[in-house]
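Step one of this worksheet: look at the structure below.
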Amino acid sequence: MKTKELTKTEHEDQVANTSGRGEVSRMEETRIRPLADVYRDEHAVRILLDLPGAADQDVDVSVHDGVLAVEARTERSPEDVRIYERSFRLDRRMDTSAIEAELQRGVLALRIPFLEEARPRRIEVKSA
């Protein structure tokens, strides 16, 4: 009789998915791309993302090479893990060093201001 040799990953999966009672529990990771509301005015862009069940420590916001990335991980139960992922390409005229993020009741609000020199300004016209 031939036995199947398990790879390290397959063995770890079997061990991780077996409870003490001989039952197999299955952890489900659901990846979700949340919808975004994007608003723009002359000073900044605001992005609102729905991240239900997320707390401050569950949310990771980063900027790299002009891409704003948001990831949040929530656990509804040990078997039900939700990962929210969304990214946005930012305009070169945006001030990535001044991005603000606030999470309130499951809604992440991001504010990305424009660089001062990219903002519209009024030019005074003088009579000669």
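Start at 1 with the first residue, then count along the sequence. Scope of the values below: all heavy atoms of this structure, side chains included, with no hydrogens, waters or symmetry mates.
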*If you group Ile, Leu, Val, Met, Phe, Trp and Tyr by side-chain heavy-atom gaps below 4.5 Å, do Ile32 and Val38 land in one group?*
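Hydrophobic grouping puts Ile32 with Val38.
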Are Val63 and Phe88 co-members of a hydrophobic cluster defined by side-chain heavy atoms under 4.5 Å apart?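 Yes, one cluster joins them.
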Determine the minimum heavy-atom distance between [X] and [Y], stating which atoms define it.
| X | Y | value |
| --- | --- | --- |
| Tyr39 | Leu48 | CE1-CD1, 3.8 Å |
| Val45 | Met94 | CG2-CE, 3.4 Å |
| Glu42 | Phe114 | O-CD1, 3.8 Å |
| Leu49 | Ala36 | CD2-CB, 3.5 Å |
| Val59 | Ala54 | CG2-CB, 4.1 Å |

Checklist line | Sub-4.5 Å side-chain heavy-atom contact between Val107 and Asp50 | finding: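 Yes, their side chains come closer than 4.5 Å.
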Can you tell me how far [atom2] of [Y] sits from [atom1] of [X], rounded to the nearest 0.5 angstrom?
| X | Y | atom1 | atom2 | result |
| --- | --- | --- | --- | --- |
| Arg31 | Glu29 | CZ | CD | 5.5 Å |
| Arg86 | Leu68 | CZ | CG | 10.5 Å |
| Leu108 | Asp56 | CG | CG | 9.5 Å |
| Arg33 | Glu85 | CZ | CD | 10.5 Å |
| Leu51 | Arg82 | CG | CZ | 13.0 Å |
| Tyr84 | Thr74 | OH | OG1 | 4.5 Å |

Looking at Arg111 and Glu102, is any side-chain nitrogen of the basic one under 4.0 Å from a carboxylate oxygen of the acidic one?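 So Glu102 does not pair with Arg111 through a salt bridge.
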